[in-house]
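See structure below.
Within every chain, numbering begins at 1; the chains are lettered A, B, ... in the order of the sequence lines, protein sequences first and strands thereafter.
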Amino acid sequence: DEEVIHKEVNSKLYYLKYIIVDKDENIDLNDEATVNRKLSTGNFITVATVRPETILGDTGVCVHPDDERYKKLKGKFAVIPFVNRKVPIIFDDYIMMEFGTGALKVTPAHDINDYNLGIKHNLAVIDTLNPNGTMSEAAGFYIGKDRFEVRKQIVKDLEAKGHIAKVEDYKNKVGYSERTNAVIEPRLSMQWFLKMQDISKPALDNVLNGNIKLIPDKFINTYKHWMENVHDWCISRQLWWGQRIPAWYDDKGNFVVAKTKEEALKKLAIGNKQLANEKIKQDEDVLDTWFSSWLWPISVFDGFKNPDGKDINYYYPTNDLITAPEILFFWVARMIIAGYEYRQEKPFTNVYLTGIVRDKQGRKMSKSLGNSPDPIELIEKYGADGVRLGMLMCSPAGNDLLFDESYCEQGRNFSNKIWNAFRLVKGWSVDAKLEQSNGNKIAVEWFDARLNKQVKLIDDLYDKYRMSEMLMTVYKLVWDDFCAWYLEMIKPDFVDGNPLPIDKKTYEATVQSFESILKLMHPIMPFISEELWHLLRDRKEGDDIIIATWHQTSAINNSLLHKFELASNVVTEVRNIRKSKNISPKEKISLFQKGADGESKSLFDDIIIKLCNLDKLNTTKEKVENAISFVVKQNEYFIPFNNSIDINAEKERLQKELDYTQGFLKSVMVKLSNERFVANAKPEILANENKKKADAEARIKAIEEVLASL
RNA sequence: GGGAGCUUAGCUCAGCUGGUUCAGAGCAUCUGCCUUACAAGCAGAGGGUCACAGGUUCGAACCCUGUAGCUCCCACCA
């Protein structure tokens with residue numbers, strides 16, 4: 001039943017008439033007169049089947065004991081048409097009376113349910129199929145013919161003899177081989193099984209009690225369900241590749257399991273003294289591939305041959321296993337079972353389950369569908385790191401991932417981005433005598449704080465196995481914070497077409513930050529990060545990023561980060577105004593600030609001047625005439641504007657902001673005036689609401705002032 | 001039939017212990033820019049009744065119940 005896919009197909013359901021006889025009665029189906037008499041007097045029972053050729057293996061007919069229609073058949077027999085075999089009519093409540101005719105033909109060799117019925121009622125077993133799907137000697141008819149040919153033929157033959165009551169169209173599910181798409185039908189064979197009941201218990205317990213963690217933990221329920229209903233494991237396979245089953249048979253049908261042939265001979269010779277070495281034969285089957293794979297955590301450290309070895313003692317159990325959920329049962333569960341069975345210990349602590357890679361249409365990637373991309377081609381197109389980042393980008397833990405080449409494209413663009421950042425920094429000329437400007441000093445401090453904060457976050461995300469979030473955090477830290485903000489802050493200006501040099505302090509700090517960033521990128525993009533690591537500085541032999549120390553974090557300077565927040569909002573507002581008023585980025589403008597927050601302004605002043613291309617940034621106590629205004633937090637800002645200003649448009653814009661802020665304040669006030677909220681909410685939530693109230697009020701005041709001045 | 005899970009922006013998905021303007025990110029889209037690292041780029045913008053209906057709560061995308069749709073695993077009907 002493994003590797004079998006059930007598909008719904010259109011079939012025919014054949015209703016066949018089996019003549020009923022008494023225990024001592026024998027008839028010949030070739031005797032037309034008798035047959036016709038029986039059929040015309042209702043002395044038959046009708047069964048239904050989609051596989052009429054299996055009647056050759058029928059050894060019984062089964063009905064429900066409570067079925068009034070068939071009660072009179074107790075002790076009677078049915079004669080299998082064509083085959084002319086007399087088989088008992090048995091009674092079992094397994095039968096569904098409503099289905100078909102309520103009578104079932106029983107073919108123990110070719111149906112699992114029939115097999116079980118056969119054992120219960122002591123029916124004969126006739127294996128009518130050869131391994132290649134043709135009819136066997138035992139079938140008695142059509143010997144050597146393909147079963148599907150026989151299916152057509154036997155219907156004609158039965159029809160001719162009047163044994164077919166009717167034929168109906170019918171939808172049923174048929175098993176197909178996952179690999180070859182051949183129709184799979186049950187056939188009796190001798191197989192080796194592993195009894196799972198006892199051996200699997202520790203594997204269940206230790207996942208449920210958290211000794212082994214599944215990530216994400218939604219898989220625990222599935223795991224539990226599977227382990228509680230675990231079936232005995234069929235471990236033999238009829239293949240030539242694999243580990244041969246270590247069982248030996250003597251010439252009398254006895255068998256033993258042994259490590260070697262010699263040992264097997266010794267064991268077998270106990271009951272068979274004359275047994276010669278050449279007389280015993282090893283089983284030709286090999287073990288299921290998972291039956292060797294489940295030993296992997298132990299055998300990879302040579303733990304079977306050398307159970308007390310250095311490696312196995314040091315490495316076992318390992319920390320993390322990364323694999324796909326589709327083999328949670330096949331492989332993971334069985335490795336855990338083997339671990340407890342052979343070493344009395346778990347093989348690993350955490351199991352990180354990735355998604356299954358699917359194509360854009362959600363289909364599983366497979367060789368037969370041909371929908372897997374060629375990784376080599378992708379790498380040529382996007383680079384190994386680009387492809388790697390692309391794969392990671394669409395891989396949230398435990399969820400299937402829909403692969404799309406555009407992710408790889410994004411990965412390539414990211415490689416390109418970091419490469420260009422490197423070119424920029426490397427292209428600067430350093431002037432050791434140049435003093436560090438205030439703007440650069442603040443920029444360095446800010447990025448240091450930002451880096452520190454984000455690395456802490458990244459560390460935490462790693463700890464929690466939130467890989468996609470970690471990835472996006474790194475991505476944004478590099479692209480937004482480092483490239484878009486930091487490098488723009490410190491980038492030297494040009495004078496008369498020539499770039500100014502950069503001071504040594506800032507340059508050194510930048511290279512150091514660059515190194516930290518490369519370390520963060522290295523697990524995601526190993527090649528480009530290693531390459532840039534070596535291009536960034538002269539390195540001694542062995543100073544490689546792959547073994548470099550991870551960025552160490554320290555206390556976070558929250559106040560600086562907060563002040564940057566304000567400054568970046570100002571920059572964004574100015575850019576917005578430039579765009580909406582069609583002011584070229586090259587044109588210098590002035591900015592006036594009116595507000596209480598003097599310190600945060602001055603700290604980032606130089607940076608704001610640079611990023612907004614200002615000729616000056618002044619504080620003012622009065623409103624500025626003929627200016628475009630905006631409000632950030634609770635500060636008012638003015639940009640003098642010579643062209644005529646559309647007062648109404650300005651009013652409208654500010655009014656919108658005012659409405660929004662007032663609405664916000666209202667929602668806060670609803671909470672704060674709710675006695676039950678004040679009584680029940682946690683103190684920090686309450687304090688926060690009060691702060692929101694104060695901030696909103698201040699902001700409203702600022703906006704109203706600006707509005708009034710228009 | 002048994003079990004698990006999912007439904008949030010055009011797409012792919014985050015959203016942890018119910019509480020920040022919590023409705024987010026990336027991509028895509030739109031607008032403006034060939035600004036001396038990067039047009040594979042820069043700067044902006046728009047976009048969602050959190051599947052639906054109830055309930056619990058001061059407060060719900062989040063907890064509970066029901067409904068609908070989808071996915072996966074296991075078993076399988078003559």
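Of the listed nucleotides (A78(B), G26(B), A75(B)), A78(B) has the atom at the smallest distance from the side chain of Met96(A). Out of A78(B), G15(B), U36(B), the shortest distance to the side chain of Phe494(A) is found at U36(B). In this structure, of G41(B), G44(B), A4(B), it is G44(B) that holds the atom nearest to the side chain of Thr572(A). Listed nucleotides C38(B), C76(B), C27(B) differ in distance to Asn416(A); the shortest reach to its side chain belongs to C38(B). Taking every side-chain heavy atom of Gln410(A) into account, C27(B) is the closest of C27(B), A45(B), A43(B). In this structure, the nucleotide among A4(B), C38(B), U20(B) sitting nearest to the side chain of Asn420(A) is C38(B). Proximity note for Lys579(A) (side chain, C-beta onward) versus U31(B), C73(B), U20(B): the nearest is U31(B). Side-chain proximity of Asn674(A) to the nucleotides C74(B), C58(B), A78(B) is greatest for C58(B).
The residue Tyr14(A) sits apart from the nucleic acid: no heavy atom pair falls under 4.0 Å. Residue-level contact check: Arg466(A) touches the bases, meaning some heavy atom is under 4.0 Å from a base atom. Within the nucleic acid shown, Ser406(A) has no heavy atom closer than 4.0 Å to any nucleic acid atom. No engagement by Ala696(A) is indicated, since no non-hydrogen atom pair under 4.0 Å with the nucleic acid exists. Across all strands, Lys417(A) comes closer than 4.0 Å to base atoms (heavy-atom distances). Across all strands shown, Trp428(A) has no heavy atoms under 4.0 Å from either base or sugar-phosphate atoms. Contact annotation for Asn113(A): backbone-only contact, meaning every heavy-atom pair under 4.0 Å involves sugar-phosphate atoms and none involves a base. Using a 4.0 Å heavy-atom cutoff across all strands shown, Phe329(A) reaches sugar-phosphate atoms only and no base atom. Among the protein residues, Cys483(A) comes within range of the nucleic acid bases, having at least one heavy atom under 4.0 Å from a base atom. Residue contacts shown for Glu488(A) include a base, since a base heavy atom lies under 4.0 Å away.
Nucleotides A9(B) and C62(B) have their P atoms positioned 15 Å apart, rounded to a whole Å. Distance check on atom C1': C52(B) versus C6(B) gives 15 Å, rounded to whole Å. Comparing the P positions of G3(B) and G47(B) gives a spacing of 44 Å, expressed to the nearest Å. Comparing the P positions of U29(B) and G66(B) gives an interatomic distance of 44 Å, to the nearest angstrom. A14(B) and G26(B): their P atoms are spaced 16 Å apart (whole Å). Comparing C63(B) with A25(B), their C1' atoms sit 26 Å apart, to the nearest whole Å. Distance check on atom P: G10(B) versus C50(B) gives 13 Å, rounded to whole Å. A39(B) and A28(B) have their P atoms separated by 16 Å, given to the nearest Å.
Side-chain N/O atoms of Arg423(A) include none lying less than 4.0 angstrom from OP1 or OP2 on A37(B). Taking side-chain N and O atoms only, Lys491(A) has a distance below 4.0 Å to OP1 or OP2 of A37(B).
Atom pair Tyr475(A):OH and A14(B):P shows a separation of 19 Å (rounding to whole Å applied). In this structure, Lys671(A) atom NZ and C22(B) atom C1' are separated by 10 Å, rounded to whole Å. The NE2 atom of His110(A) sits 16 Å away from the C1' atom of A78(B) (whole-angstrom rounding). Look at CZ on Phe219(A): it is 9 Å from C1' on G5(B), rounded to the nearest Å.
A salt bridge links Glu405(A) to Lys381(A): one of the charged nitrogens lies within less than 4.0 Å of a carboxylate oxygen.
Relative orientation of the Phe422(A) and Phe514(A) rings is perpendicular, given thresholds of 30° and 60° on the angle between their planes. Using a 30° and 60° split on the angle between ring planes, Tyr507(A) and Trp428(A) fall in the perpendicular class, above 60°.
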Pairing pattern in dot-bracket form [Watson-Crick, G-U; both distances under 3.5 Å; | = partner strand] for RNA chain B: (((((((..((((.....[....)))).(((((.......))))).....(((((..]....))))))))))))....

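Annotation: Glu531(A), atom CD; neighbour count of heavy atoms from other residues, nucleotides and ligands within 6.0 Å does not exceed 12. Surrounding CZ of Phe527(A) are at most 12 heavy atoms belonging to other residues, nucleotides or ligands under 6.0 Å away.
Side chain of His121(A) to backbone of Leu123(A): no donor-acceptor contact under 3.5 angstrom is found.
Each of Trp226(A) and Glu657(A) lies near RNA chain B, and the nucleotide nearest Glu657(A) is the one positioned closer to the 5' end. Closest-nucleotide positions on RNA chain B for Arg412(A) and Asp111(A) were compared, and the one nearer the 5' end corresponds to Arg412(A).
Between the OH atom of Tyr486(A) and the CD1 atom of Ile517(A) there is a distance of 9.5 Å, given to the nearest 0.5 Å.
Using a 4.5 Å cut-off on side-chain heavy atoms (C-beta onward), Gln410(A) and Leu389(A) make no contact.
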